[in-house]
A.B. asks: 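Handing you a structure now.
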Amino acid sequence: MEARYSCVAFRRLGGGAPVFRRTPGQNGVMPPSLLGPLAGALDTPLAPLRTRLAHALRSRVAGDDADTEASRIWGAVGPRWFGPQDAIWRVHADASMFVGGIRALLLQSLHPLAMAGVAGHSGYKSDPWGRLQRTSNFLATTTFSTTQNAEAAIARVRSIHERVRGKAPDGRSYQASDPHLLAWVHAAEADSFLSTFQAYGPGRLTSAECEEYIAQSAITARALGVLDPPTTMAQLAHALQAFRPQLEATPAAREAARFLLYEPPLPLAARPGYAMLAAGAVTDLPVWARHMLDLRLPGPLDAAAGPLIGRPLGTVSAGLVRWALSDPKIANDRRARLA
């Protein structure tokens with residue numbers, strides 16, 4: 001397994017979910033230390049554009065009722081699994097998640113049964129933004145909201161998973177609640193979110209923080225039905241390696257990759273920015289996954305594309321999203337709602 005995280009020491013986090021209780025002054029606004037390097041340089045001359053971009057991004061990711069959902073998630077009072085001091089909060093609050101989400105979907109598509117479930121039940125083509133909004137809402141609720149809200153969100157998803165079942169094109173049966181498939185989906189997500197944060201985030205997690213992120217992400221995975229999810233970097237690498245013989249670039253996986261990378265449901269004006277995010281996601285995929293999906297350039301160009309093209313595009317695009325979403329106007333509106 002390739003080492004992509006710049007985390008070389010391993011530490012197991014102690015058992016039990018950390019509990020965070022809301023205290024005065026903790027309003028859910030991303031701390032300034034997490035803002036990208038572009039923040040501040042363009043604030044005044046491009047303030048109106050920044051606000052429009054922020055609202056457009058939030059409506060795509062969180063839906064038209066983004067403000068209501070934000071108040072429900074961030075404004076809820078009570079014990080929380082995680083707080084601002086935790087690695088999972090830092091990773092999931094960052095704009096690199098836009099890149100990580102694309103990477104995770106590409107990687108997940110390589111499991112034929114998981115892909116069959118997505119193709120047959122998720123509406124990823126007919127309602128891609130709805131699917132994105134449901135996923136982002138779940139991640140935000142389980143990471144940032146109260147334990148009560150997180151457990152309710154998990155119960156809803158588990159109920160949906162029980163009803164999602166069918167047969168793959170090769171005749172094998174699948175069910176979304178299958179712990180084995182859930183383990184693959186979780187491993188691909190944890191790997192993707194951590195890897196893209198380390199590549200495109202505003203800072204880097206330490207070795208201990210990487211371990212903490214894996215252990216904390218396992219809390220939600222276990223509640224969803226994953227049996228014995230990875231809690232260390234070494235265990236995550238082993239889990240991904242163990243899945244390799246089961247993976248296949250099926251026609252459905254290739255079709256999903258084409259849709260994600262070349263046919264996104266976006267207006268023409270938004271496609272260049274999305275293409276930069278997608279380039280960062282493809283570059284960050286494991287080499288074997290890129291080759292399976294045939295996402296490579298001919299000959300020596302493929303080796304040069306990552307450091308010369310994909311990495312810079314991913315860094316710039318994540319930085320622009322980070323800059324937009326740290327718009328002081330939106331932050332002030334959130335403070336007013338949560339006061």
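This one's a predicted model, so the numbers in the text were calculated from it and none came from an experiment. Computation of the quantities below employed the complete heavy-atom set of this structure, encompassing side-chain atoms and omitting hydrogens, waters and symmetry-equivalent molecules.
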A.B. asks: Might you work through the side chain to side chain contact (heavy atoms under 4.5 Å, CB included) test for S136 and M97, ending with a clear yes or no?
C.D. replies: CA-CA 10 Å; S136 65; M97 288 287 284; over 6 Å; no
A.B. asks: Mark yes or no for whether Y200, through its side chain, and G280, through its backbone, hold a donor-acceptor pair below 3.5 Å.
C.D. replies: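 Flag set: sc Y200 to bb G280 pair under 3.5 Å.
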A.B. asks: Return the CD1 to CD distance between I154 and E151, rounded to the nearest 0.5 Å.
C.D. replies: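 Here the rounded value is 7.0 Å.
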A.B. asks: Is there side-chain contact between Q216 and T143, with heavy atoms separated by less than 4.5 Å?
C.D. replies: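 They are not in side-chain contact.
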A.B. asks: To the nearest 0.5 Å, tell me how far S207 OG sits from E212 CD.
C.D. replies: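 Interatomic distance, S207 OG to E212 CD, rounded to 0.5 Å: 12.5 Å.
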A.B. asks: Could you check if a side-chain atom of H180 sits within less than 4.5 angstrom of a side-chain atom of L113, using non-hydrogen atoms only?
C.D. replies: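 The answer is no; the side chains never approach within 4.5 Å.
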A.B. asks: Could you tell me whether the side chain of L247 reaches within less than 4.5 Å of the side chain of L107, counting heavy atoms only?
C.D. replies: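 SC-SC contact between L107 and L247 ruled out.
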A.B. asks: Supply the atom-to-atom distance F243 CZ to L181 CG, rounded to the nearest 0.5 angstrom.
C.D. replies: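 If I round to the nearest 0.5 Å, the distance is 7.5 Å.
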A.B. asks: Would you indicate whether Q175, at its atom CD, is surrounded by more than 12 heavy atoms from other residues, nucleotides or ligands within a distance under 6.0 Å?
C.D. replies: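 Correct, the count exceeds 12.
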A.B. asks: Please tell me if the side chains of F197 and C210 come closer than 4.5 Å, counting only heavy atoms from C-beta onward.
C.D. replies: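 Sidechains of C210 and F197: no contact.
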A.B. asks: Just do the side chain to side chain contact (heavy atoms under 4.5 Å, CB included) check on T232 and I214 with the steps written out, would you?
C.D. replies: CA-CA 6 Å; T232 68; I214 300 303; 5.6 Å; no
A.B. asks: Test D178 against R165 for salt bridge (charged side-chain N to carboxylate O under 4.0 Å, His left out), laying out the working first.
C.D. replies: CA-CA 10 Å; D178 179 355; R165 61 185 69 201; over 6 Å; no
A.B. asks: Measure the shortest side-chain to side-chain distance between W81 and T146 over non-hydrogen atoms and say whether it is less than 4.5 angstrom.
C.D. replies: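 Heavy-atom side-chain distance check fails, nothing below 4.5 Å.
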A.B. asks: Considering only heavy atoms from C-beta outward, does the side chain of L260 approach that of Y274 to under 4.5 Å?
C.D. replies: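 Sidechains of Y274 and L260: in contact.
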A.B. asks: Is there a donor-acceptor pair under 3.5 Å between the side chain of S109 and the backbone N or O of L106?
C.D. replies: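 Flag set: sc S109 to bb L106 pair under 3.5 Å.
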A.B. asks: Is a side-chain donor or acceptor of T220 paired with a backbone partner of S217 at a separation under 3.5 angstrom?
C.D. replies: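 No, the answer is negative, given that no donor and acceptor are paired below the 3.5 Å cut-off.
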A.B. asks: F82 and W89: aromatic ring centres closer than 6.0 Å?
C.D. replies: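 No.
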A.B. asks: Any chance you could lay out the salt bridge (charged side-chain N to carboxylate O under 4.0 Å, His left out) test for E209 and R90, step after step, and finish with the verdict?
C.D. replies: CA-CA 10 Å; E209 288 168 337; R90 182 176 173 186; 3.7 Å; yes
A.B. asks: Please answer whether the main-chain N or O of A223 pairs with a side-chain N or O of R158 as donor and acceptor at a distance below 3.5 Å.
C.D. replies: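 Yes, R158 side chain to A223 backbone: donor-acceptor pair under 3.5 Å.
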A.B. asks: Ignoring hydrogens and angles, tell me if any N or O in the side chain of R80 forms a donor-acceptor pair with the backbone of V77 under 3.5 Å.
C.D. replies: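 Checking the backbone N and O of V77 against the side chain of R80, no donor-acceptor pair under 3.5 Å is found.
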A.B. asks: If we only count heavy atoms from C-beta on, is the Q108 to L105 side-chain gap below 4.5 Å?
C.D. replies: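 Counting from C-beta outward, Q108 and L105 do come under 4.5 Å.
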A.B. asks: Are the charged groups of D228 and R222 less than 4.0 angstrom apart, N to O?
C.D. replies: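 No, no charged N to carboxylate O under 4.0 Å.
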A.B. asks: Going by atom types alone, do N149 and T141 pair a side-chain donor with an acceptor below 3.5 Å?
C.D. replies: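 N149 vs T141: no donor-acceptor pair found between side chains.
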A.B. asks: For R258, check salt bridge (charged side-chain N to carboxylate O under 4.0 Å, His left out) against everything at least two apart and list the hits.
C.D. replies: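 Scan of R258 (salt bridge (charged side-chain N to carboxylate O under 4.0 Å, His left out), adjacent residues dropped) gives none.
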A.B. asks: Check for me whether the distance between the ring centres of Y174 and H111 falls short of 6.0 Å.
C.D. replies: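 Centroid separation for Y174 and H111: 6.0 Å or greater.
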A.B. asks: Using modelled atom types and a 3.5 Å cut-off, is there a donor and acceptor pairing between side-chain atoms of E189 and backbone atoms of A104?
C.D. replies: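 A pair under 3.5 Å: no.
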A.B. asks: For R172, check salt bridge (charged side-chain N to carboxylate O under 4.0 Å, His left out) against everything at least two apart and list the hits.
C.D. replies: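 Once residues adjacent in sequence are excluded, the partners of R172 under the salt bridge (charged side-chain N to carboxylate O under 4.0 Å, His left out) criterion are D170.
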A.B. asks: Between D86 (side chain only) and G83 (backbone N and O only), is there a donor and an acceptor less than 3.5 Å apart?
C.D. replies: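 Here the side-chain-to-backbone pair exists.
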A.B. asks: Check whether the side chains of Q235 and T231 place a donor and an acceptor atom closer than 3.5 Å, and report yes or no.
C.D. replies: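 Per modelled atom types, Q235 and T231 side chains form a pair under 3.5 Å.
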A.B. asks: Just checking, is any N or O donor in the side chain of R163 or S159 under 3.5 Å from an acceptor N or O on the other one?
C.D. replies: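 Per modelled atom types, R163 and S159 side chains form a pair under 3.5 Å.
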A.B. asks: Any sub-3.5 Å donor-acceptor pair from Q198's side-chain atoms to L205's backbone N or O?
C.D. replies: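 Looks like yes, one N/O pair under 3.5 Å.
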A.B. asks: Report yes if the side chains of P286 and R103 come closer than 4.5 Å at any heavy-atom pair, otherwise no.
C.D. replies: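 They are in side-chain contact.
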